[in-house]
2 protein chains.
Amino acid sequence: MAIIFSRKCELGIQAVLYLASAEGRDIISSEEIANELKIPKEFISKILQELTASRIIASKKGKMGGFSLAKNPNKIHLLDIVLAIDGSDIFSKCVLGFPHCSSETPCPMHATWSQLIDETFKMLSEETIDNYKNKVLRKIESLK
Amino acid sequence: MAIIFSRKCELGIQAVLYLASAEGRDIISSEEIANELKIPKEFISKILQELTASRIIASKKGKMGGFSLAKNPNKIHLLDIVLAIDGSDIFSKCVLGFPHCSSETPCPMHATWSQLIDETFKMLSEETIDNYKNKVLRKIESLK
DNA sequence: TTTTAATCAGACAAAAACATCTGATTTATA
DNA sequence: TATAAATCAGATGTTTTTGTCTGATTAAAA
């Protein structure tokens, strides 16, 4: 089966969007995020740790601890999260799995695929969490 | 790590392109394909079996047996191979992994992502094996 | 008719991704 | 100061994907 983003990356984006949507409320626990997004607490905790290490979000330990965005949501791009969790392979690796695929030794699909990937990269690097944070609450409603 | 096509799908496209590039030569063994593409014979054999079952390629059993395209290369689209091996999830599943994502209950990225996926679908459904078969030989040269 | 060389089918093995568990550490509050 | 509630770190378990192996079947050629 083909996939675009790993499960960890999907949930990482969901979680960051949820944190952005909770503006005004200082700190959110991993338990609340897990409950709202209907995903396992243990798994999202691991992902939140990775995002904290990448300084996309910040954590506060101890009682009343939890997570918050590390910067203004209009400064966090979708691309930041994708690179932090999945890395850059999707943008650089050969779509047909050939080794050393480049414009010098292109695979058959290199030219056509590059265009689509460039567009995808552009979108992810331009769109910010701020642009999406309101939409996530509506989606969460539909999960209930 | 994120991926687009599964490894089986990558190699499936490679193999079909190789068969297309060998026009005039009636039948090609899985061993030749494996040697040329520098991939394990056993693995590509399994993939060739799947492509045979989907009637994208045809097989001939027994001594001097092997594989050939099941139809004219300008009738085989990249999409046919992707659907046969990876299915349609990549075109229909939510990019953020939410359940039941649609234009009625869209995820935050639904609209932007749909555009990119539609373009990708269009490309894969329009481009034929015929358009790419010559390029694969040049790529194979670079593997040697 | 026997041998040889190929695909086919299904079981098996290894690696990666996904998910969970346990215990340590941190910090607010009673 | 003791307790409770949170993150953190690392080990462990499970599932999926990737890759391999074995034996059966098929068909060409000696």
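Order of the sequence lines fixes the chain letters, A, B, ..., with proteins taken first and strands second; residue numbering starts at 1 for each chain. Note: hydrogens, waters and symmetry copies are ignored here, and every other heavy atom, side chains too, is used.
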query = Does Thr112(A) use its side chain to pair, donor to acceptor, with the backbone of Met123(B) at less than 3.5 Å?
reply = no
Please indicate whether [X] has more than 12 foreign heavy atoms, meaning atoms of other residues, nucleotides or ligands, lying under 6.0 Å from its [atom1].
X: Lys38(A); atom1: NZ; value: yes
X: Lys93(B); atom1: NZ; value: no
X: Glu126(A); atom1: CD; value: yes

ask   = Pick one: which of Leu116(B), Asp89(B), Leu96(B), Ile4(B) meets side-chain contact (heavy atoms from CB on, under 4.5 Å) with Ile4(A)?
value = Ile4(B)
request  = Check every strand shown and say whether Ser45(B) touches a base, only sugar-phosphate, or nothing at a heavy-atom separation below 4.0 Å.
outcome  = nothing
message = Students often get this wrong, so: under 4.0 angstrom with heavy atoms, is Gly65(A) touching a base, only sugar-phosphate, or nothing?
response = sugar-phosphate
Tell me: [atom1] of [X] to [atom2] of [N], nearest whole Å?
X: Lys60(B); N: dT26(D); atom1: NZ; atom2: P; result: 14 Å
X: Ile47(A); N: dA9(D); atom1: CD1; atom2: P; result: 16 Å
X: Glu50(A); N: dG10(D); atom1: CD; atom2: P; result: 13 Å
X: Ile28(A); N: dA5(D); atom1: CD1; atom2: C1'; result: 16 Å

request  = Name all residues meeting the salt bridge (charged side-chain N to carboxylate O under 4.0 Å, His left out) criterion together with Asp118(A); count only those two or more places apart in sequence or in a different chain, and write none if there are none.
outcome  = none
message = Quick test of your reading of the model: are Arg138(A) and Glu141(A) salt-bridged, counting only N-O distances below 4.0 Å?
response = no
ask   = Could Glu10(B) and Arg7(B) be called an ion pair, given the rule that one side-chain N must be under 4.0 Å from one carboxylate O?
value = yes
Chain B footprint on DNA chain C, 5' to 3' - any atom under 4.0 Å from a heavy atom = dT4(C) to dA17(C)
Shorter than 3.5 Å, N or O on both sides, protein versus nucleotides 16-22 of chain D: list them out with atom names.
from: dT18(D); atom 1: OP1; to: Arg7(B); atom 2: N; distance (Å): 3.1

message = Looking at dT7(D), I'd like to know if its phosphate oxygens (OP1 or OP2) sit under 4.0 Å from a side-chain N or O belonging to Ser30(A).
response = yes
